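Indexing begins at 1, ligand by ligand and atom by atom, following the structure's order. Predicted model only: the values in this text are computed from it and were never measured. Index from 1, following the sequence.
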Amino acid sequence: VVFEITILGSNSASFAFNRHHTAQVVNVNQNLYLIDCGEGTQMRLAKFKIKHNRINHIFISHLHGDHYLGLIGLMLTMHLQGREQDLYIFGPKGLDEILTLHLKHSETELNYAVHFETLNMNERQVLIDTEELEIASFPVEHRLPCAGFVFEEKPKKRKLLREKLSGNLSSAQLKALKEGEDVIDHDGTIYAATDVTLEPKKSRKYAYCADTRYTEAILPYINEADIIYHEATFLEDMRDRAIQTYHSTAAQAGTLALKARVGMLLIGHFSSRYRELDSTLEEAKSIFQNTELAIEGKVFSISE
Ligand SMILES: [Zn+2]
Ligand SMILES: [Zn+2]
């Protein structure tokens, strides 16, 4: 089952050096979730051949323009291209008002339904809860109310080793084995779950930490994720500026990844002051080795 993140953009504030504003697509089992929607996101989707009509859920972290100004454009393109299925948007208080005002004054009645849910910026909030996946928001520290998002697979079942099972187990007993319980068939044969099943596959986890200054308060939400995305707007020599503007340095992103014991760190939200990103990458790597730049078009997969 696929679990991958495609970067569509990861530059902060203004466009620079062919780098675009923040947006990324998370694909879990062929369900596509869009995180943030900076200006031009619909063009980025087209460029990387991701069909926007496959996106049913959009998550907006906060209302700085580099994270949401592409949303109304994307929604209107969906409308013009005949979208009919419902669209679910999770965003900060005020975003629904902005969208409604746009549509009102352009006298546009969308031919699909939009369901808007306001994010709780004070505590962790479960947004989507299916049998396979949970998506939750969590508070980060930024100038505006801002949320990160965490995608985590539900605990998986053990796998039956068919060759070690006889035909006289009921489906309820097979289910019990998958849950890790031992069972006895009607001949009195005992089947120990540890003998006749394999350990379940691990549950995969991705956390998007949005725009935030360095804060260890988010560790409980992102702990032991396979991959986290953390902003690295500045280099360490501008740490004071990072603190003032509620952003982070590359070294701080590395420190957080280390403390959260994650598998991989993706850094982004690059400042337009940096043409080359080598120093940004080096600085984060000096603290957390398995770091990659969130360069647009790159796809990061989490294997099963
Ligand atoms: Zn930003
Ligand atoms: Zn921001």
Verify whether one side chain among His64 and Asp211 offers a donor that lies under 3.5 Å from an acceptor in the other. no
Aromatic ring pairing Tyr33/Phe59, orientation class (parallel under 30°, perpendicular over 60°, tilted between):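 Taking Phe59 first and then Tyr33, their aromatic rings sit tilted (interplane angle of 30° to 60°).
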Around the Zn ion (ligand 1), what protein N, O or S atoms are found below 2.8 Å?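 Hits for the Zn ion (ligand 1) below 2.8 Å: Asp66 OD2, His67 NE2, Asp211 OD2, His269 NE2.
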Which distance, rounded to the nearest 0.5 Å, do you find between the NZ of Lys156 and the OG of Ser203? 5.5 Å
Can Lys298 and Glu292 be counted as an ion pair, charged N to O under 4.0 angstrom? yes
Does Arg124 come within less than 4.0 Å of Glu134, counting only side-chain N to carboxylate O? yes
His269: which of His142, His230, His67 passes ring-ring contact (aromatic ring centres under 6.0 Å, His included):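 Among His142, His230, His67, the one that satisfies the ring-ring contact (aromatic ring centres under 6.0 Å, His included) with His269 is His67.
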